[in-house]
Amino acid sequence: MRILCQVVFLVLVKAGICIELHPISISWIHADLQEEKVVLNIRIFAEDLIYFHNLTPDETLELDADLLQSSAKKHIDVLNKGIAILDENNNRASGQFTKSNFSALKKTSYHVMDLNRLSLYYQFEFQLSKDLEFITFAQNLNAVPSISFLSISKNGNELVSQRELRSNKPFTIKRDATSIGSVEQEDFMLSYFSLSDTKVTHEITLPILLLQSFVQIKSVDDLEMLEKFITENSSVEVDKTIIKPEIETFSVMNENGIKEGAIVNIRIAYPLNEIPDNIALEWSHFNWKMRWFESIIDAFGVEKKHKFSRFKPKIEMGRKLESLEKN
């Protein structure tokens, strides 16, 4: 199975302050396939409201809850346009918004770094024509790089679990399907590096089953084991000096904790003591589940790409430093 990887980096600037947020919009879609309609239940992180509605925090990096509530309501239109059910001729099924749940927004304000722990819920219903034989689920949330995980059930039976949807990757199922065979667990790793004068950051998002094929992580408290794995299998070398990694965050991006089907996010930092000149990034661990992955590297504001594999586990970059002194 090919591993699909993509990286993006989002920075908000407010009063000279840079805020590193999660680099990609991730949502969960559950489709209840009924006789005459499909009911879609969609879960997003409140962090998406920043991406899609250009919200700017105040000087303390706080966002007003009323502004978040207002943006959450506006997001109904974003989802209605960006998530669709198509027939065999790629015509959209008639759909309407039915309800939402923003009860997670209880406080008067929120720090931006807390928004990726708050879930918002939306429900839509799509009517199916009588002669429709195949149903295609499509995601086209192009305002920012986005990925959705689709699950489909019918009469209480799960047909599809954690199927990846992107703007160029729809999913089609037969309307009267009662089974699609064994449920396929897709393996992917979303990965990006960010290089600055003070640190190198590597953020990865991947299924827990893929991570557990690397290292036997059982909870988000297993940081020592995870850090040991990162130290042994991924390195950042600055001017021929290996930098020790630090796990900044290790979080589960679903509500049921670490279990099969969970998606986890890891942010690794490599602090720098001086302005770097030459930097080498390396990832040396590959197995039968992940044979390669592609990264986009934000190297001091310049985008670079590299496909990490057993054949090319390392990328080296030089930086021409300008004199700090002006004549």
Side-chain angles (χ1 to χ4, degrees), residues 3-12 19-31 40-53 55 68 71-72 75-76 78-79 81-84 100-102 104 110 112-124 137-152 160-171 185-192 194 201-211 220 248-267 293-296:
I3 311 301
L4 178 60
C5 307
Q6 182 180 10
V7 216
V8 283
F9 180 60
L10 177 65
V11 176
L12 296 179
I19 312 157
E20 294 180 14
L21 296 174
H22 188 72
I24 192 168
S25 167
I26 297 179
S27 56
W28 284 261
I29 303 172
H30 178 264
L40 291 188
N41 288 287
I42 303 171
R43 179 170 71 93
I44 69 166
F45 289 129
E47 191 177 65
D48 272 19
L49 303 179
I50 297 177
Y51 301 155
F52 288 92
H53 303 283
L55 305 185
L68 291 170
S71 299
H75 204 67
I76 294 170
V78 172
L79 296 175
K81 292 178 180 177
I83 296 175
S100 61
N101 184 344
F102 308 146
Y110 290 89
V112 292
M113 299 307 289
D114 293 331
L115 296 181
N116 66 351
R117 291 190 287 270
L118 302 178
S119 294
L120 308 178
Y121 300 87
Y122 301 83
Q123 186 180 91
F124 295 83
F137 297 86
Q139 188 254 57
N140 193 27
L141 298 168
N142 284 335
V144 299
S146 304
I147 181 173
S148 298
F149 295 106
L150 173 68
S151 298
I152 304 175
V160 174
S161 176
Q162 299 284 11
R163 189 58 60 98
E164 179 187 346
L165 290 183
R166 294 175 180 268
S167 59
N168 61 349
K169 191 175 183 180
F171 177 74
Q185 172 67 41
E186 293 208 40
D187 295 323
F188 64 92
M189 189 163 89
L190 308 174
S191 161
Y192 82 92
S194 174
T201 302
H202 184 201
E203 182 160 344
I204 58 178
T205 301
L206 71 170
I208 186 61
L209 291 182
L210 178 57
L211 178 61
V220 294
E248 285 193 333
T249 61
F250 178 28
S251 57
V252 182
M253 302 178 67
N254 74 323
E255 300 171 312
N256 299 316
I258 286 187
K259 57 182 296 186
E260 184 175 345
I263 306 297
V264 296
N265 174 256
I266 307 166
R267 178 177 289 169
F293 66 93
E294 185 174 83
S295 285
I296 297 175

Spatial distance of atom OG (S251) from atom CG (N116) [nearest 0.5 Å]:
6.0 Å
Partner set under ring-ring contact (aromatic ring centres under 6.0 Å, His included) for F137, not counting sequence neighbours
none
Going by the angle between their ring planes, with limits at 30° and 60°, are H53 and H75 parallel, tilted or perpendicular?
perpendicular
Under 4.5 Å between any side-chain heavy atoms of L115 and L68, yes or no?
yes
Carefully, step by step, assess L211 and F250 under the rule side-chain contact (heavy atoms from CB on, under 4.5 Å).
CA-CA 12 Å; L211 178 61; F250 178 28; 4.0 Å; yes
Take W28 and I263 through the side-chain contact (heavy atoms from CB on, under 4.5 Å) test and state the conclusion after the steps.
CA-CA 11 Å; W28 284 261; I263 306 297; 4.2 Å; yes
Start with the C-alpha gap between L49 and L120, add the side-chain angles, then the distance that decides, and say whether side-chain contact (heavy atoms from CB on, under 4.5 Å) holds.
CA-CA 10 Å; L49 303 179; L120 308 178; 3.8 Å; yes
Compare every heavy atom of A104 with every heavy atom of Y110, then report the nearest pair and how far apart it is.
OH-O, 3.1 Å
Which heavy-atom pair separates D114 from L118 by the least distance, and what is that distance?
O-CG, 3.8 Å
Across all chains, not counting sequence neighbours, the side chain to side chain donor-acceptor pair (under 3.5 Å) partners of S151 are none
In this structure, CZ of F149 is separated from CD of E164 (nearest 0.5 Å) by 6.5 Å
How long is the gap from NZ on K169 to CD on Q139, to the nearest 0.5 Å?
12.0 Å
To the closest 0.5 Å, what do you measure between CG (L40) and CD1 (I83)?
7.5 Å
Listed by chain and number, what are the side-chain contact (heavy atoms from CB on, under 4.5 Å) partners of S27, not counting sequence neighbours?
I44, S148
Under the rule for side-chain contact (heavy atoms from CB on, under 4.5 Å), what residues qualify as partners of T249, not counting sequence neighbours?
N265, R267
Residues L141 and G82: closest non-hydrogen pair is CD2-CA, 3.6 Å
Locate the shortest heavy-atom distance separating I147 from R166; write the atom from each residue and the value.
CD1-NH2, 3.7 Å
What pair of heavy atoms forms the shortest contact from Y122 to A72, and how long is it?
OH-O, 2.8 Å
Under the side-chain contact (heavy atoms from CB on, under 4.5 Å) test, which residues partner A84, sequence neighbours left out?
L86, R92
Any chance you could measure S119, atom OG, to D48, atom CG, to the nearest 0.5 Å?
10.5 Å
Distance, nearest 0.5 Å, that separates CD1 of I26 from CZ of F45
7.0 Å
Going through the checks in order, is the side-chain contact (heavy atoms from CB on, under 4.5 Å) test met by L79 and F124?
CA-CA 9 Å; L79 296 175; F124 295 83; 3.9 Å; yes
